[in-house]
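Proteins get letters first, then strands, A, B, ... in listed order; numbering begins at 1 in each.
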Amino acid sequence: MTSTSPDRTSTSESAAGDTTPTGTEDRNRYNPAELEPKWQKRWESDGLYRTEDHEPGKDNWYALTMFPYPSGDVHIGHWFAYTPADAHARFMRMQGYNVMHPQGFDAFGLPAENAAISRGIDPHKWTLSNMDNMRRQFKLMGASYDWSRELATCLPDYYRWNQYFFLKFFEKGIAYRKDGPANWCPKDQTTLANEQVKDGECERCGTTVVRREMPQWFFGITKYADELLEMDQIDWPEKIKLMQRNWIGRSTGVTIGFDVSEYLSDTSAGTRIETFTTRIDTVYGVTFVVLAPEHPLAAKLTQADRKTDVDAYIDNARRQSEIERTSTEREKTGVDTGAFATNPLNGEKVPVLIGDYVLASYGTGAVMGVPAHDQRDFVFATKFGLPIRVVVAPEGWNGEALTEAYVAPGTQVNSGEFNGISSVDGKEMIADKIEANGWGQRTITYHLRDWLISRQRYWGTPIPIIYCDHCGTVPVPEQDLPVILPDNVEFTPTGQSPLTLIEEFVNVPCPQCNRPSRRETDTMDTFVDSSWYHLRFTSPATLEEPFDTGRVKQWVPVHQYMGGAEHAVMHLLYARFFNKALRDLGFVEFDEPYTRLFNQGTLTKDHMKISKRANPLNPEPIVERFGTDTLRCYLMFLGPWDQGGDWSDQAINGVSRWLNRTWELSLRDTSVLPNNGDPDAERDLDRIAHSVTGRVIADMRQFKFNTTMAALMEYTNELGRVWEAGKVSSKAWAEAIERLLLHVAPLAPHIAEELWEQTGHSYSVHQQETPTWDEAKTVSDTETIVVQINGKLRDQLDLPAGVSQEQAIAAALKSEKIQRYTDGAQIIKEIFVPGRLVNIVVRPGK
RNA sequence: GCCGAAGUGGCGGAAUGGUAGACGCGAAGGUCUCAAAAACCUUUGGGCUUACGCCCGUGUGGGUUCGACUCCCACCUUCGGCACCA
């Protein structure tokens, strides 16, 4: 199953310390291949990481990583995401928290279906066997997962609750059905996921994909837009918050109607073109109005002589894919309707055009064209020979024509009664006037659309709806849940959902009237699954309800969520929405699902994305050669976790060496050390030991694994020197080693456990607490004071700790090196930074 | 185009406005060895100097400050996200 690279077995690369001259030394050699599986088994059989809902005297800490899709292999990217997260969870456990660290599988999705189509494998079996394989590979990480909580979203025990929530949402109007766009391949006669569309073409057959409107299911996330913008309660990276804000894209402006009644024979779609603008101050500069091709008034307004052209244009726009239409590269196109609209402010009649740069889905689907103050309108007007009228004058403008749109604020001109005032004030005054006259009103619009959850796919949660000719859209009664996804289905080569072909699935009696009806064959977006899995982890075995409310209360909101930034606006926004919807339905009491969020970066190799084909990097050979602990530590050491990093085959040696050094240092025969140590030497050792703990605690809390590792490496280097000096007692030495092992434990759990045992401690190191430290013990008797002349380093002095300003400056002025600069010069200023430096500012004298 | 992050030795990277380059890799020299590997020790930003030392140096150009990798302004480059949003 797992492919092994052929060259690896033949090379004679030896594991660290591989060659062993004698059998007696063998026993004390660091051998991860032996001890890692040993401890993994022990931890598992002891249930060391099984979490209770309550531990007396401890606060709960829910450490969650974004669960993986079961693609089949745990790759190095998984290791980079999951092992530092595990180290943090372990650290929090040692900080005295009752930590829950679960893991599961986000098991619905397209790849399973692709495997089914291309290789004829059943998605169900494919997914479950991938999960088995990945579970085994995950266990190589030595992570502190509580596997008793494992869940997989493709199992009916899980997805039935998707259906349950769907029904609750439907009842409340949060789930609703309307026409929505889908990517349609005309050749394969199927809809495609966005991932299946490559450069506007069907990934399978290369046919140009078109947009097709069809009835689909939505979740009403936009109702929560304003609440989703509030992010004061959550401790998330500013970057992610910003991306969410931009995605929600709230903009305030004015909706204003342009009367077109005299050009309409059919007024069923109204008599005004409603437009939305954020720049109502420019309304006197409107010289045309543009409708989206899908706008209901587009056809109705078209005058007889323009009909042929307009019909052709609209038809053509419909053929274009979304990708083509929204490409900014593309030249703007448009067509005249022959109709005119009246600007209510100045009574002017301006032409109405249709242009596909106007999007039906944003704002009102119509824009007022102000070419002087909007660059797109400027380009459009130039192309169609429409007038460009300046109404907000740049400073110093004297009536010359513009070469591009002027978008900044200015002074109102050509604006009737508003002439001469600033456009900032004009915005408000004009809006007031429009509202007073009933021409329009202030409006808020959002970039965020409702969440389209329908997928015309097989491998997902069936949507629990039945369509009856008599009763209409009928929800599946709760007691009939789950609607089971049928097994053993046939996949057509086109990728059309097999659900539509299964008679016994589709044809069902109406739950209300019992007449023959048809079941919904769309399934749900997999982001539905991942919107609430963190709740299910608290009580994964519960059968009667989606989760145990009492247990959720003890664990959620998740204290620490960790995962990639690629989910900034999809998963993370959907999960926040889902939580708020569940709250409004009474399922949970809190407002946000994830209190803290940390995003790791991406791991690269040779500064390129790691990919199976072009740039492979398999964790298993690395584990075989160096051990899990080395791999874990190296991934944490190679750079700041949030910035990702670049893999180096060479640099991992350094970490391997360090663990070997840790091993060797810990197992030294302490009987050669004195019983009574030298007090000065022991005070020095204390200083080193306490300051390393201070650094480790501060850095681990903030996910700064690389500097944690650096601090521990410095510590082992120091310990080597301390041993050489031979002045500390065996007791002091043993304490120093104990401290080392406790700090290593979260990072390299296996070696720490083994050494903990071998140094005479009782199982398990992972149930110990982080060592304490005393700030007072970290200060030394002397401190190095840097002496600068005019900010440049000229000397260093070792002075007693806590030296006063006067003493320090006096000592500095006594220094020969300093006198070279002060002799004959005028001292202007002396600066003293306690514990750091003296800076003497001189002017070269005469 | 807009938004965001980042630019530091040969390499990965470290530095509450206060000794730039911690820690590690690599490299060079050495110890051990018949030899090699491993391990250990020393050196390792550039330039000048016999030496004490001195000068330069954190993408570029300015600025603030006694003192700037760090703060401010402008620009360049790379990466990530969004993109005809009215």
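- Contact annotation for A:Leu837: base contact, defined as any heavy-atom pair under 4.0 Å involving a base atom.
- Contact check, A:Asn599 against B:A5: no side-chain N or O comes under 4.0 Å of OP1 or OP2.
- Separating the C1' atom of B:A68 from that of B:G57 is a span of 14 Å, rounded to the nearest Å.
- As the counterpart of B:G4, B:C79 is assigned, both hydrogen-bonding distances of the Watson-Crick or G-U wobble pattern falling under 3.5 Å.
- Of all nucleotides listed (B:A86, B:U19, B:A14), B:A86 comes nearest to the side chain of A:Val358.
- Comparing B:C54 with B:U64, their P atoms are spaced 27 Å from each other, to the whole Å.
- Among the nucleotides B:A86, B:C23, B:G18, the one closest to the side chain of A:Leu359 is B:A86.
- Distance noted for atom C1' between B:C66 and B:C75: 29 Å (whole Å).
- The residue A:Phe378 sits apart from the nucleic acid: no heavy atom pair falls under 4.0 Å.
- A:Asn653 places its CG atom 14 Å from the C1' atom of B:A39, with the value rounded to the nearest Å.
- No side-chain donor-acceptor contact under 3.5 Å links A:Asn246 to the backbone of A:Met243.
- In this structure, A:Gln796 reaches the bases: a heavy-atom distance under 4.0 Å links it to at least one base atom across the strands shown.
- Smallest separation of non-hydrogen atoms from A:Ala405 and A:Phe378: N-CD1, 3.8 Å.
- With C1' as the reference atom, B:G62 and B:U42 are 44 Å apart, rounded to whole Å.
- When distances are taken from the side chain of A:Ala710 to each of B:G26, B:C84, B:A22, the shortest belongs to B:A22.
- Look at CD1 on A:Ile828: it is 14 Å from P on B:U65, rounded to the nearest Å.
- Within the 4.0 angstrom heavy-atom criterion, no nucleotide atom of any strand lies near A:Asp377.
- Note: CG (A:Asp798) to P (B:U19) measures 16 Å, nearest angstrom.
- The distance from the CE atom of A:Met570 to the CH2 atom of A:Trp247 is 6.0 Å, given to the nearest 0.5 Å.
- Mapping A:Glu566 and A:Gly363 onto RNA chain B via the closest heavy atom, the residue that lands nearer the 5' end is A:Glu566.
- Comparing the C1' positions of B:U8 and B:C23 gives a spacing of 15 Å, expressed to the nearest Å.
- Between A:Asn246 atom CG and B:G80 atom P the separation is 18 Å, expressed in whole Å.
- Heavy atoms of A:Arg661 sit under 4.0 angstrom from primed sugar atoms or phosphate atoms, though from no base atom.
- Taking all atoms of both residues into account, the shortest heavy-atom contact from A:His743 to A:Leu712 is CB-CD2, 3.6 Å.
- Looking at the side chain of A:Gln650, the nearest of the listed nucleotides B:C82, B:G26, B:U19 is B:G26.
- Distances shown here put a side-chain N or O of A:Lys829 below 4.0 Å from the OP1 or OP2 atom of B:C66.
- Within the nucleic acid shown, A:Ala651 comes within 4.0 Å of sugar-phosphate atoms alone, with no base atom in reach, counting heavy atoms only.
- Rounded to whole Å, the C1' atom of B:C11 lies 27 Å from the corresponding atom of B:G4.
- In the set B:A86, B:G13, B:G18, B:G18 carries the atom at the smallest distance from any side-chain atom of A:Val833.
- Counting non-hydrogen atoms under 4.0 angstrom, A:Val841 reaches the backbone sugars and phosphates but no base.
- Donor-acceptor pairing under 3.5 Å, judged by distance alone, is present between the side chain of A:Gln788 and the base of B:G18.
- Residue A:Ile831 is classed as a base contact, given a heavy-atom separation below 4.0 Å to a base.
- For the pair A:Tyr362 and B:A83, the criterion of a side-chain N or O lying under 4.0 Å from OP1 or OP2 is not met.
- Residues A:Phe288 and A:Phe384 keep their aromatic ring centres 6.0 Å or farther apart.
- Look at CG on A:Leu635: it is 15 Å from C1' on B:G13, rounded to the nearest Å.
- The C1' atoms of B:G46 and B:G9 are separated by 9 Å, rounded to the nearest whole Å.
- A:Thr278 comes within contact range of the sugar-phosphate backbone alone, with a heavy-atom separation under 4.0 Å but no base atom that close.
- Side-chain atoms of A:Phe276 lie closest to B:A86 of the nucleotides B:G12, B:A86, B:G4.
- Straight-line distance from the CG atom of A:Leu793 to the P atom of B:C56: 13 Å, rounded to whole Å.
- Distance noted for atom C1' between B:G47 and B:C2: 45 Å (whole Å).
- In this model, the phosphate group of B:C25 is approached by a side-chain N or O of A:Arg657 to a distance below 4.0 Å at OP1 or OP2.
- A 3.5 Å limit on both hydrogen-bonding distances identifies no Watson-Crick or G-U partner for B:A14.
- Along RNA chain B, the nucleotide closest to A:Gly365 and the one closest to A:Lys239 are compared, and the more 5′ of them pairs with A:Lys239.
- At the phosphate of B:A86, neither OP1 nor OP2 sits under 4.0 Å from any side-chain N or O atom of A:Lys332.
- Side chain of A:Arg836, nearest nucleotide from B:C3, B:A86, B:G18: B:G18.
- Classification of the A:Phe80-A:Trp641 ring pair by plane angle, with boundaries at 30° and 60°, yields perpendicular.
- Listed candidates were B:G26, B:A86, B:A22. Nearest to the side chain of A:Glu714 is B:A22.
- The side chain of A:Arg794 approaches B:C54 more closely than any other nucleotide in the set B:G4, B:C54, B:G81.
- In this structure, CG of A:Asp646 is placed 13 Å from C1' of B:C25, rounded to the nearest angstrom.
- Across all strands shown, the partner of B:A74 is B:U60, judged by Watson-Crick or G-U wobble contacts whose two distances both fall under 3.5 Å.
- A:Lys609 NZ: 12 or fewer foreign heavy atoms inside a 6.0 Å radius.
- With a glycosidic angle further than 90° from 0, B:G47 counts as anti.
- Between A:Arg245 and the phosphate of B:G4, there is no side-chain N or O to OP1/OP2 separation shorter than 4.0 Å.
- Here B:C40 sits opposite B:G30 as a Watson-Crick or G-U wobble pair (both hydrogen-bonding atom distances under 3.5 Å).
- Candidate nucleotides B:G18, B:C23, B:C54 were compared by shortest atom distance to the side chain of A:Asn839, and B:G18 ranks first.
- Relative ring orientation between A:Tyr574 and A:Trp451 is described as parallel, the plane-to-plane angle staying below 30° on a 0-90° scale split at 30° and 60°.
- Remark: A:Lys817 is not in phosphate contact with B:C52, judged by side-chain N or O atoms under 4.0 Å from OP1 or OP2.
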Verdict with supporting geometry, A:Thr693 and A:Arg739, side chain to side chain donor-acceptor pair (under 3.5 Å): CA-CA 8 Å; A:Thr693 297; A:Arg739 185 181 294 270; 2.6 Å; yes
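- Across all strands, A:Phe637 comes closer than 4.0 Å to base atoms (heavy-atom distances).
- Rounded to an integer number of Å, the gap from A:Asp374 CG to B:C2 C1' is 14 Å.
- A donor-acceptor pair shorter than 3.5 Å cannot be found between the side chains of A:Tyr284 and A:Asn343.
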